[in-house]
Amino acid sequence: MNTQASKKAFEEAQSLIPGGVDSPVRAFKSVGGTPIFITEGKGAYLKDVDGNEYVDYVQSWGPLLFGHRDETIEAAVIDAVKHGLSFGAPTLAETELAKLVVGFFDSIDKVRFVSSGTEAVMSAIRLARGFTGRDDIVKFTGCYHGHSDALLVEAGSGAATFGNPSSPGVPADFTKHTLLAEYNNIESVKKCFADSDNIACVIIEPIAGNMGLVPADKEFLHELRKVCDEHGALLIFDEVMSGFRGSVNGAESITGVIPDMVTLGKVIGGGMPVGAFGARAEIMAMLSPDGPVYQAGTLSGNPVAMAAGYAALSKLRRNARVIAVLNERATRLVEGMKAAAAKYGIAMQTDTRGSMFGFFFNENPVKNFADAAKSDAAIFAAFHAGMLERGFYFACSLYETGFISTAVTDEMVESTIKASEEVFKEITNAK
């Protein structure tokens, strides 16, 4: 496959943009090679600057539930643009999309729109602190909640509970109120509460998608709910990635656990930049201008993003079974690849939630980040390169989740499985 134009584009980008990309994972650092530069997306396909086409299992990292350039969403965006790009004033579109979001979630009475998932989480945590009057928060190793300072943490030395900054530029004072627990381990959560009586909230990806796909166990989430209730802390489900992907009605409908707050993004913008956070009315009443907790944004509720999100969620509401159909397709994909890997003695762990799928080249089941880190990164890199060469675009990190869109057909799934078997054979022969 010829990718010379992408290589040239990357060289030029590196001279003007740090690392040549505007989001680090796009640089292919963990898989090697040169990132492909995209010119167009249509349905299930991407086209790069060299004219190569790829079946896309990234779908802009989740937003494109109905594939690239869905006609309904595209028409809504074009119509919105004709009326103006931004007003900095209220529009009916915000209220209409809010009605849809609130209608899908039992836990949400009111919602506020922002411009990104990072902003949604940052604002939700501020609101949780304002509501409880407490400072500390608990997060889980391996869960990603955006790049705000308080959430860029890594485990401390020894048995330390409080996290240390994981990035230069983040003062230790900004993370001293962030406690780290282990995903799917309730005892680690209880230790956090034993170490602090000042915990405002616990934030978790109930369907983790940033250490690969690792869903939280139902029993663990039920226990987590109990612990939060016992200590008067709020439970926040970060569903920026999994919202409307893992389930039409959120992880709460899968697990039976009702969070106090939910953060959303991706699908609710239909491909446009968007984020949101919502909760019951009592909590949202603390938010400015009704209450004292300040949050604002010039482009919050942008009319073009609202139009795209309304079109996407309206389409989903009309056909709620689409998630079940996509889950069947995603399951067929990963089970097919797992069977192909087994033919060549390659261990593979797989899972799906709705239209999300994940796989690890690992001998054992993955329940947390420590388990995920034991996966074979070299095999993943070789798999990624081999599939890309054959026209299949997977996430360029073993710690990311894959996505099925309605544009992906059964025939595409079968072609992907067949290509994966060729790649696994190559990997085995190269050893």
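Predicted model only: the values in this text are computed from it and were never measured. The chain is numbered in sequence order, starting from 1.
Atom CG in Asp48 sits 9.5 Å away from atom CD in Glu53 (nearest 0.5 Å). Note: Ser355 OG to Arg329 CZ = 11.5 Å, rounded to the nearest 0.5 Å. One distance of note links CD of Glu230 with CD of Glu223; it measures 8.5 Å at 0.5 Å rounding. The CD atom of Glu11 sits 7.5 Å away from the CD atom of Gln14 when rounded to the nearest 0.5 Å.
Checking side-chain atoms of Ser107 against main-chain N and O of Ile258 turns up no donor-acceptor pair under 3.5 Å. Remark: side-chain polar atoms of Asp217 are not paired, donor with acceptor, to backbone N or O of Glu219 under 3.5 angstrom. Remark: the backbone N or O of Cys143 is not paired with any side-chain donor or acceptor of Glu205 at under 3.5 angstrom. Checked by atom type and distance alone, the side chain of Lys218 pairs as donor or acceptor with a backbone atom of Ile254 at under 3.5 Å. With Asn52 contributing its side chain and Asn2 its backbone, the two residues share a donor-acceptor pair below 3.5 Å. When atom types are taken as modelled, the side chain of Lys374 and the backbone of Asn362 share no donor-acceptor pair closer than 3.5 angstrom. Side chain of Tyr54 to backbone of Leu388: no donor-acceptor contact under 3.5 angstrom is found. Side chain of Arg126 to main chain of Met122: no donor-acceptor pair is present (N/O by atom type, distance under 3.5 Å, no hydrogens or angles). Judged by distance alone, the side chain of Thr409 and the main-chain N or O of Met412 form a donor-acceptor pair under 3.5 Å.
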For Val423 and Glu389, what are the C-alpha separation, side-chain angles and deciding distance, and is it a side chain to side chain contact (heavy atoms under 4.5 Å, CB included)?
CA-CA 10 Å; Val423 173; Glu389 179 69 24; over 6 Å; no
Can Asn364 and Asp371 be said to form a side chain to side chain contact (heavy atoms under 4.5 Å, CB included), step by step?
CA-CA 8 Å; Asn364 301 302; Asp371 292 341; over 6 Å; no
Go through the steps for Asp50 and Thr3 under the test side-chain hydrogen bond (donor to acceptor under 3.5 Å, both in side chains), then give the verdict.
CA-CA 6 Å; Asp50 290 280; Thr3 58; 5.3 Å; no
Please evaluate residues Leu224 and Leu235 with respect to the criterion side chain to side chain contact (heavy atoms under 4.5 Å, CB included), reporting the C-alpha separation (whole Å), side-chain torsions for both, the decisive distance (0.1 Å), and the verdict.
CA-CA 8 Å; Leu224 184 60; Leu235 176 59; 3.7 Å; yes
Evaluate the side chain to side chain contact (heavy atoms under 4.5 Å, CB included) criterion for residues Asp106 and Asn249: first the C-alpha distance (whole Å), next the side-chain angles of each, then the deciding distance (0.1 Å), finally the verdict.
CA-CA 8 Å; Asp106 291 338; Asn249 306 110; over 6 Å; no
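Around CD of Glu363, the count of heavy atoms belonging to other residues, nucleotides or ligands within 6.0 Å does not exceed 12. Under a cut-off of 6.0 angstrom, the local environment of NE2 in His231 is crowded, with over 12 non-hydrogen atoms contributed by other residues, nucleotides or ligands. By the neighbour-count criterion of 12 heavy atoms within 6.0 Å, atom CD of Glu12 is sparsely surrounded, having that number or fewer from other residues, nucleotides or ligands.
Looking only at side-chain heavy atoms (C-beta outward), Arg112 and Phe277 come within less than 4.5 Å of each other. Here the side chains of Phe104 and Arg317 are in contact, with some heavy-atom distance below 4.5 Å. For the pair Leu100 and Ser314, the minimum side-chain heavy-atom distance is below 4.5 Å. When side chains are defined from C-beta on, Glu328 does not count as touching Thr331, because their heavy atoms never get closer than 4.5 Å. Between Leu326 and Leu65, some side-chain heavy-atom pair lies under the 4.5 Å cut-off. Val227 is not listed as a side-chain neighbour of Val202, based on a closest heavy-atom distance of 4.5 Å or more. The shortest side-chain heavy-atom distance between Asn302 and Ser115 does not fall under the 4.5 Å cut-off. The shortest side-chain heavy-atom distance between Phe237 and Val257 falls under the 4.5 Å cut-off.
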Only distances under 3.5 Å count here; give the side-chain donor-acceptor pairs of residues 28-47 to other protein atoms, sequence neighbours excluded, each with its distance to 0.1 Å.
| from | atom 1 | to | atom 2 | distance (Å) |
| --- | --- | --- | --- | --- |
| Ser30 | OG | Cys396 | O | 2.9 |
| Thr39 | OG1 | Lys47 | O | 3.2 |
| Glu40 | OE2 | Arg69 | NH1 | 3.1 |

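A pairwise comparison of heavy atoms in Leu213 and Arg353 identifies CD2-N, 3.9 Å as the closest pair. Residues Ala395 and Val58 share a closest heavy-atom pair of N-CG2, 3.4 Å. Closest of all the heavy-atom pairs between Val262 and Glu252 is CG2-OE1, 4.4 Å.
Shown here are the ring-ring contact (aromatic ring centres under 6.0 Å, His included) partners of Tyr393, two or more places apart in sequence or in another chain: there are none.
The ring pair (Phe, Tyr, Trp, His ring centres under 6.0 Å) pairs that include a residue from residues 203-226 are Phe140-Phe220, where partners are two or more places apart or lie in different chains.
Tested against Glu119 for a side chain to side chain contact (heavy atoms under 4.5 Å, CB included), the candidates Ser148, Ser300, Pro273 yield a single pass: Ser300.
Taking the six-membered ring where the residue is Trp, Phe359 and Phe394 present perpendicular rings, their angle passing 60° and hence far from 30°. Between Phe383 and Phe424, the angle of the ring planes stays under 30°, which puts this pair in the parallel group of the 30/60° scheme.
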